[in-house]
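These notes concern the structure reproduced below.
Values below: all heavy atoms of this structure, side chains included; hydrogens, waters and symmetry mates excluded. Fair warning: this is a prediction, and the values are worked out from it, not measured in the lab.
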Amino acid sequence: MNTQIHNNYTATVKTILIASLLTLTATSAFADNRFYNKLLFTPSDSMLRAESRGRIMIYDGMDNETVERAMDEQFNRIDNMMFTRIHHVQDNGEEYVDDDGCD
């Protein structure tokens, strides 16, 4: 009987941990995109000064549309941008990530 209670408890704890990790990952990805979008499209004065001194900002996991928009709208800053693992959506709805060797 104690073994069954322990197994149920262990399964419940594992389920909670997995759910928590998935939520944290999704939240982190959303927060990262908001952070990156702010840096890309409304950079602070200090960010612009850092870029003028040569700072390169690496943007990881952005979607292709955002990268294209940044290339168009922030053209004067592209020397200070590096995009890795860009997410693309194909015509059939499937997604893929650029294999740029920056894992």
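One hydrophobic cluster, built from ILVMFWY side chains closer than 4.5 Å, cannot hold both V89 and V67; they sit in different ones.
The line from CG of D63 to CD of E68 is 10.5 Å long, rounded to the nearest 0.5 Å. In this structure, E94 CD and Q90 CD are separated by 6.0 Å, a value rounded to the nearest 0.5 Å. Atom CZ of residue R69 and atom CZ of residue F41 lie 4.0 Å apart, to the nearest 0.5 angstrom. Atoms CZ and CE, from R49 and M47 in turn, are 12.0 Å apart once rounded to the nearest 0.5 Å.
No side-chain heavy atom of M62 sits less than 4.5 Å from a side-chain heavy atom of I86. Looking at T66 and N37, their side chains come closer than 4.5 Å, going by heavy atoms from C-beta outward.
Applying the side chain to side chain donor-acceptor pair (under 3.5 Å) test to residues at least two apart or on different chains, the pairs with a partner in residues 38-47 are S44-S46.
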Kindly list each side-chain donor-acceptor pair under 3.5 angstrom involving residues 75-83, sequence neighbours excluded, with atom names and distances?
from	atom 1	to	atom 2	distance (Å)
R77	NE	E51	OE1	2.9
R77	NH1	L40	O	2.7
R77	NH1	Q74	OE1	3.0
R77	NH2	L39	O	3.1
R77	NH2	E51	OE2	2.8
N80	ND2	E51	O	3.0
N80	ND2	R55	O	2.9

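Other residues, nucleotides and ligands contribute at most 12 non-hydrogen atoms within 6.0 Å of the CG atom of D91.
Scored by the ring-ring contact (aromatic ring centres under 6.0 Å, His included) test, H87 finds no partners at all (sequence neighbours excluded).
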